[in-house]
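Since the model is a prediction, treat every value here as computed from it, not as a measurement. We count residues from 1, following the sequence as given.
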Amino acid sequence: MRDGPSRPARMDVRVTGDDLRTRTARERTQFRLLVMSGGFCALFGAVALKLAAATVIMPMAPEQRQIAPQVPPIPRSDPKGMLAGDFALPQVHRASVTDRNGQVLAISLPVAQVYANPQEMIDAQDTARKLRSVLPSLNEAELIRRLSTQKQFVYLARDISPMQEVAINNLGIPGIYFEPGERRHYPLGRVAAHILGAVDIDDHGVAGIERSMEKRLDSDRTPLRLSLDVRIQAVVRDELAAAKDLFQAIGACAIVMDVNTGEIIAMVSLPDYDANDFGRADPDTRFNRAVTGMYEPGSTFKLQTAAMALQLGVAHPWDRFSSIPIHIGRFTIADMKSDHFAPWLTLNEVMAYSSNPAAAHMALDVGAQRQQAWLRDMGFFAPVPIELPEAGRPIVPHVWGISTVMTVGFGHGVAEPPLAIVRGTAATVNGGILLHPTLMARDGAQPDDTAQLTPAAAEGAAPTLTPAVLTTPAAAETADAAAMPGAKRVISPETSALLRRILRLDVTKGTGKTAESPGYFVGGKTGTAEKIGPHGGYLKHVNIAAFTSIFPMNAPRYAVYVMLDSPKATPQTHGWTTAAWNAAPTVSKIVTRVAPMLGLFPNTTNPQAVDDAMAIPLEPAVPRGYRPLGPGNDPGDPRNQPKAPAREAAHTAAAQSPRARLHAARAEQTAQQRPVHQEIRG
């Protein structure tokens with residue numbers, strides 16, 4: 001056979017060609033797949049980037065229609081609390097209540113009421129067991145009884161939280177339904193509880209601001225802004241509670257008010273209660289002593305006696321009044337046995353030393369009709385106009401005889417709420433404007449951020465003891481006060497300027513020395529009244545101790561009032577229970593702590609200059625040409641009475657002054673009966 005190339009060799013060549021074509025096709029396919037993979041990677045990368053931007057880098061808030069109705073708006077960052085006063089939930093209708101700085105005092109939270117249709121129940125026992133797993137406070141036996149009735153509607157639970165609502169809904173129990181509602185919550189508990197009041201189960205106000213501002217809170221969801229400052233409120237409560245505990249008083253109250261706007265910055269009544277537990281609070285704790293309690297004002301009322309005597313021109317600072325005890329019927333008007341006053345005291349001394357007989361003589365010189373007209377004009381015969389339905393009506397005598405004139409002159413025989421005393425005190429120092437106290441924040445009436453107590457106001461406004469008694473002080477504050485709603489002038493600016501100096505004198509040289517707060521120039525008046533017992537008589541050694549004050553006296557801004565009900569003596573008070581030993585020191589502590597919060601800082605550079613500008617002597621010199629009241633010129637002086645029979649003296653005194661009629665009546669009563677003496681303390 002002939003050798004030659006084998007057949008299989010040519011076949012290998014053909015196979016190799018097919019393989020190349022296959023490889024070429026495969027490579028093309030792989031390239032296409034690679035391109036497609038790259039495209040998909042780019043697409044998914046773009047989607048991932050977009051998702052990252054939308055959810056992590058620059059998240060977008062969901063549209064309102066995408067949010068369930070019970071979910072509140074997403075809050076914005078508010079590190080300075082600028083939006084606190086605008087906080088409101090969309091599913092509640094009652095507006096929140098805030099203090100003047102936007103701190104929330106009352107807010108309505110979304111809740112739900114759970115009810116059932118027993119006709120749709122499959123297994124009452126199983127339903128009760130499941131409900132108790134979410135609401136452990138429910139009584140299982142009572143639930144079974146309700147769910148087993150033939151009714152079509154029964155309440156199972158009220159005021160459950162949204163989380164509990166979701167948990168019950170997830171149980172999938174047929175026949176269980178929900179009713180949306182809201183519950184009032186007071187985040188600060190006891191703070192301002194007497195002012196805020198409360199609401200009932202149907203969210204209607206039953207006390208305090210919740211009741212008086214019912215229509216406003218239900219019609220306008222904008223937060224209601226009060227004049228209160230919770231910082232000041234907390235400090236005042238802290239100091240008042242400490243004083244109440246220290247002196248073992250059964251009750252106490254304190255008020256801080258802007259004397260130029262009438263805004264109540266703080267109002268505390270102790271004992272108090274948690275506003276969230278109004279229904280379970282004891283009646284005594286719900287009693288607002290600042291506006292509902294009626295107390296004899298004691299010697300704090302001598303400020304009104306001096307103010308009306310000066311304003312009416314009946315008396316002047318240099319006039320003298322007898323401090324000798326006055327006997328009328330079975331009563332004796334006298335000072336405390338420890339007081340050793342001179343027989344005659346100037347008006348300034350009467351205020352500084354707080355003499356009862358001298359104040360009674362001053363009131364007699366004014367007379368019954370003018371005294372009543374003055375007190376009525378100052379608002380002491382009507383409830384204080386304040387946004388609290390608990391404001392009570394003062395207790396005043398129906399018959400206004402000579403004895404009433406005298407006792408009212410030093411703060412006995414009438415009963416007033418503490419806020420009325422604060423209101424009257426403010427009118428004597430703010431230029432003579434009687435304001436309507438308010439719990440509503442006035443626009444543009446907030447204090448400055450910082451202020452220095454300089455002598456400028458005092459030096460520019462210091463009145464002189466001229467025959468006209470006064471000169472005009474700076475009028476800016478008076479103009480601001482006169483522009484307030486409901487304000488009216490009751491005292492001239494000149495008399496007001498003089499009263500500032502007299503009130504400052506009571507702290508520098510009188511009974512109110514313990515109220516001093518260095519650099520703040522506090523002025524005020526002490527008042528201690530015997531408490532009236534359940535049967536109408538006075539209780540010996542059971543007092544109402546109060547101090548009404550203003551600071552700073554060179555430019556009055558705030559009134560501070562403290563009252564302690566039935567304080568006890570302590571070793572530090574040396575057995576005394578009078579206001580100078582308990583209420584006045586409490587005022588000093590309050591002023592020292594709250595003044596910087598109110599933007600007022602003490603004058604530590606030239607305080608003596610301020611005091612010198614405001615100084616007024618205890619015994620002012622008598623201007624030339626004036627014959628002052630006093631020894632030899634006082635119809636009330638017993639030594640000037642004619643030595644005639646008692647009944648003849650009474651007859652001849654008919655045309656004389658009230659003092660003369662008083663002493664004539666005394667003589668007649670002495671001739672008829674022997675009086676039983678009872679000391680009435682101021």
Side-chain angles (χ1 to χ4, degrees), residues 84-89 92-109 111 159 182-238 240-241 252-257 263-293 384-392 417-419 437-442:
D86 297 327
F87 181 73
L89 297 175
V92 299
H93 74 276
R94 193 174 183 88
S96 59
V97 180
T98 72
D99 80 337
R100 66 191 299 111
N101 301 313
Q103 173 66 51
V104 176
L105 298 175
I107 187 171
S108 292
L109 301 177
V111 294
D159 298 342
E182 58 188 72
R183 179 177 61 191
R184 204 64 165 169
H185 179 63
Y186 305 94
L188 301 183
R190 295 178 180 270
V191 175
H194 291 95
I195 296 173
L196 295 173
V199 297
D200 59 17
I201 194 172
D202 295 319
D203 224 31
H204 299 306
V206 295
I209 289 293
E210 296 280 19
R211 180 180 175 185
S212 64
M213 305 300 292
E214 174 83 13
K215 293 183 179 179
R216 159 64 175 83
L217 292 171
D218 283 341
S219 61
D220 185 353
R221 293 182 64 250
T222 304
L224 179 65
R225 182 165 163 261
L226 301 185
S227 61
L228 297 179
D229 188 323
V230 294
R231 303 169 304 165
I232 309 301
Q233 183 83 7
V235 168
V236 172
R237 187 191 183 281
D238 182 38
L240 188 66
C253 81
I255 300 170
V256 178
M257 188 181 86
E263 292 176 290
I264 303 298
I265 309 300
M267 179 185 290
V268 180
S269 177
L270 295 178
D272 57 8
Y273 61 97
D274 188 333
N276 296 294
D277 293 325
F278 178 83
R280 291 187 290 270
D282 183 84
D284 184 55
T285 63
R286 296 203 304 260
F287 183 72
N288 190 346
R289 287 166 168 78
V291 297
T292 309
V384 180
I386 188 72
E387 298 91 348
L388 290 176
E390 296 83 10
L419 185 57
T438 181
L439 287 165
M440 300 296 110
R442 297 192 188 278

Give me the atom names and distance for the closest heavy-atom approach of [X] to [Y].
| X | Y | result |
| --- | --- | --- |
| I107 | P187 | CG2-CG, 4.4 Å |
| P417 | V291 | CB-O, 3.7 Å |
| A207 | F278 | CB-CZ, 4.0 Å |
| N276 | R184 | OD1-O, 4.5 Å |
| G208 | P389 | O-CD, 3.5 Å |
| T438 | S227 | O-OG, 3.3 Å |

Heavy-atom distance under 4.5 Å between the side chains of [X] and [Y], does that happen here?
| X | Y | answer |
| --- | --- | --- |
| P437 | M257 | yes |
| I264 | L419 | yes |
| T222 | R216 | yes |
| R231 | Q103 | no |
| L224 | T98 | no |
| L228 | R100 | no |
| Y186 | L196 | yes |
| V97 | P223 | no |

Side-chain ion pair, [X] and [Y], N-O less than 4.0 Å:
| X | Y | value |
| --- | --- | --- |
| D272 | R237 | yes |
| E390 | R286 | no |
| D274 | R190 | no |
| R289 | D284 | yes |

Checklist entry - Given L240 and D238, is the side chain to side chain contact (heavy atoms under 4.5 Å, CB included) satisfied, shown in steps? => result CA-CA 6 Å; L240 188 66; D238 182 38; over 6 Å; no
Any donor-acceptor pair under 3.5 Å from [X] side chain to [Y] backbone:
| X | Y | value |
| --- | --- | --- |
| E210 | V199 | no |
| D200 | H204 | yes |
| E387 | S212 | no |
| R94 | D203 | yes |
| H194 | T285 | yes |
| S219 | K215 | yes |

Can you measure from [atom1] ([X]) to [atom2] ([Y]) and round to the nearest 0.5 angstrom?
| X | Y | atom1 | atom2 | value |
| --- | --- | --- | --- | --- |
| L388 | M213 | CG | CE | 11.0 Å |
| N288 | I195 | CG | CD1 | 7.5 Å |
| Q233 | L105 | CD | CG | 9.0 Å |

Item to check | Contacts of R183 that satisfy salt bridge (charged side-chain N to carboxylate O under 4.0 Å, His left out) - sequence neighbours left out | outcome: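 Expected list: none.
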Checklist entry - Out of D229, L226, I265, which one pairs with D99 under the side-chain contact (heavy atoms from CB on, under 4.5 Å) rule? => result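 Only match with D99 under side-chain contact (heavy atoms from CB on, under 4.5 Å): D229.
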Checklist entry - With no hydrogens and no angle check, do the side chains of S108 and E182 hold a donor and an acceptor under 3.5 Å apart? => result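 E182 and S108 do have a side-chain donor-acceptor pair below 3.5 Å.
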Item to check | Qualifying residues under side chain to side chain contact (heavy atoms under 4.5 Å, CB included), relative to A193, sequence neighbours excluded | outcome: Y273, A275
Item to check | R211 atom CZ, over 12 foreign heavy atoms within 6.0 Å | outcome: no
